[in-house]
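Here is the naming used below: chain letters follow the sequence lines, and residue numbers restart at 1 for every chain. Side-chain atoms are counted along with the backbone in the values below, which use heavy atoms only and exclude waters and symmetry mates.
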There are 2 protein chains.
Amino acid sequence: MISTKGRYALRVMIDLAEHAEQEYIPLKDVAARQDISKKYLEIIVRDLVNGGLVAGVSGKGGGYKLLREPEEYNVGEILEKTEGTLSSVACLSCDTAPCPRKDECKTLPLWSEYDQMTHDFFYGKTLRDLMEN
Amino acid sequence: MISTKGRYALRVMIDLAEHAEQEYIPLKDVAARQDISKKYLEIIVRDLVNGGLVAGVSGKGGGYKLLREPEEYNVGEILEKTEGTLSSVACLSCDTAPCPRKDECKTLPLWSEYDQMTHDFFYGKTLRDLMEN
DNA sequence: ATATTTACCTATTGACTTAGTAGGTAATTA
DNA sequence: TAATTACCTACTAAGTCAATAGGTAAATAT
């Protein structure tokens with residue numbers, strides 16, 4: 001399951017893209033428009049900043065802004081920065097020890113194929129695609 | 001993420017299919033071959049019994065057996081009986097209240113499309129397909 | 001200078017889920 | 001009657017989720 005972190009992250013990115021006429025957009029405004037707790041969004045936006053997807057500037061007139069055009073972001077990278085991984089099973093997640101049964105497992109190819117399909121799906125959609133919905 | 005319940009359920013189903021020459025297969029044997037706690041498998045197999053996917057018989061000589069041929073099971077139904085839902089987001093899971101923002105949400109179509117793709121993927125694979133890996 | 005506004009930081013929490021374990025009873029067969 | 005098996009209820013330790021709380025640092029407006 002995609003958690004609120006990933007889902008809210010996409011909504012934040014869309015919101016920033018839709019208000020790009022302002023140089024910097026305060027998180028307060030995003031939180032109000034999206035009806036999400038600003039405190040919680042801080043956690044999410046930090047992942048986006050650390051991941052190099054958005055930039056933040058403190059102080060009056062500050063806020064966040066996108067670093068690229070909406071069509072230059074893909075949905076997959078936004079989700080991965082906030083969710084950690086898009087992998088469907090622990091056996092294929094990079095931060096777990098390799099499964100001792102991986103060579104004989106009859107189900108592993110299923111998960112591999114599914115993960116590949118998932119990756120292609122989310123990396124094939126751009127932020128611009130979402131905005132046009 | 002697909003949890004161990006769904007993953008183990010598939011391995012149990014494959015194991016039962018591979019040993020179908022015995023009428024009933026004791027869970028003890030499945031647990032030993034698959035190297036999974038028998039106690040934990042009991043929980044998983046109960047979901048499969050309640051879901052009408054396998055049948056169990058108590059007593060000596062008892063155990064579990066498939067009710068259909070492997071090609072007549074699809075992976076999706078096995079996962080849904082044990083995981084509860086295959087939906088990627090709470091907003092589209094049937095047992096949650098509909099999201100108040102669903103009409104304006106720019107991301108909902110993404111999750112719908114992804115869930116549809118996921119459904120088609122898992123419902124398009126049979127138990128037999130897994131055995132042939 | 002000072003007040004205001006904003007990002008950015010660490011820590012905490014209650015509810016829930018996950019991945020089992022424990023200890024039985026009921027059913028069936030040898 | 002003994003052995004074997006499914007089936008049942010309850011419990012639990014660890015982890016995750018979805019936030020909240022309470023600050024400090026940075027930048028600008030007055």
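Considering only side-chain N and O atoms, A:Ser37 lies nowhere under 4.0 angstrom from the phosphate OP1 or OP2 of D:dA18. Look at B:Ser3 and you won't find any side-chain N or O under 4.0 angstrom from OP1 or OP2 of C:dT18.
In this entry the distance linking NZ of B:Lys5 with P of C:dG20 reads 12 Å, nearest Å. Distance, A:Lys38 NZ to C:dT6 C1': 7 Å, rounded to whole Å. In this structure, the OH atom of B:Tyr64 is 17 Å from the P atom of D:dT4, given to the nearest Å.
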Full working for side-chain contact (heavy atoms from CB on, under 4.5 Å) between A:Met1 and B:Thr85: CA-CA 10 Å; A:Met1 274 246 190; B:Thr85 178; 4.0 Å; yes
B:Arg11/A:Thr107 under side-chain contact (heavy atoms from CB on, under 4.5 Å): CA gap, chis, key distance, verdict: CA-CA 7 Å; B:Arg11 285 168 57 189; A:Thr107 60; 4.1 Å; yes
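Contacts between residues 40-52 of chain A and DNA chain D, defined by a heavy-atom separation below 4.0 Å, involve A:Tyr40, A:Ile43, listed by number. Of the residues in residues 6-31 of chain B, those with a non-hydrogen atom less than 4.0 angstrom from any atom of DNA chain D are B:Ile25, B:Pro26, B:Leu27, B:Lys28.
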Please tabulate, for the side chains in residues 60-67 of chain B, all donor-acceptor contacts under 3.5 angstrom to protein atoms that are two or more places apart in sequence or on a different chain.
none

Can you give each donor-acceptor pair under 3.5 Å made by side-chain atoms of residues 126-133 of chain B, sequence neighbours left out, with the distance rounded to 0.1 Å?
from     : atom 1 : to       : atom 2 : distance (Å)
B:Thr126 : OG1    : B:Arg128 : N      : 3.2
B:Thr126 : OG1    : B:Asp129 : N      : 3.1
B:Thr126 : OG1    : B:Asp129 : OD2    : 3.4
B:Arg128 : NE     : B:Glu71  : OE1    : 2.9
B:Arg128 : NH2    : B:Glu71  : OE1    : 2.6
B:Asp129 : OD2    : B:Thr126 : N      : 2.8
B:Asn133 : ND2    : A:Lys106 : O      : 3.0

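Ring orientation note: the planes of B:Tyr40 and B:Tyr8 are nearly perpendicular, at an angle over 60° on the 30°/60° scale.
Ion pairing of A:Asp47 with A:Lys5 is present here, as a side-chain N (NZ or NE/NH1/NH2) and a carboxylate O approach within less than 4.0 Å. The pair B:Arg33-B:Asp15 meets the salt-bridge criterion, with a side-chain N (NZ, NE, NH1 or NH2) lying under 4.0 Å from an Asp/Glu carboxylate O. Between B:Glu42 and B:Lys38 there is a salt bridge, since a side-chain N of the basic residue sits under 4.0 Å from a carboxylate O of the acidic one.
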Interface polar pairs with nucleotides 28-30 of chain D, N/O, under 3.5 angstrom:
none

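For the pair A:Tyr114 and A:Leu92, the minimum side-chain heavy-atom distance is 4.5 Å or more. The side-chain heavy atoms of A:Phe122 and A:Ile78, taken from C-beta on, include no pair separated by under 4.5 Å.
Among pairs with a residue in residues 72-88 of chain B, those fulfilling salt bridge (Lys or Arg N to Asp or Glu O under 4.0 Å) read B:Arg68-B:Glu77, at least two apart in sequence or across chains.
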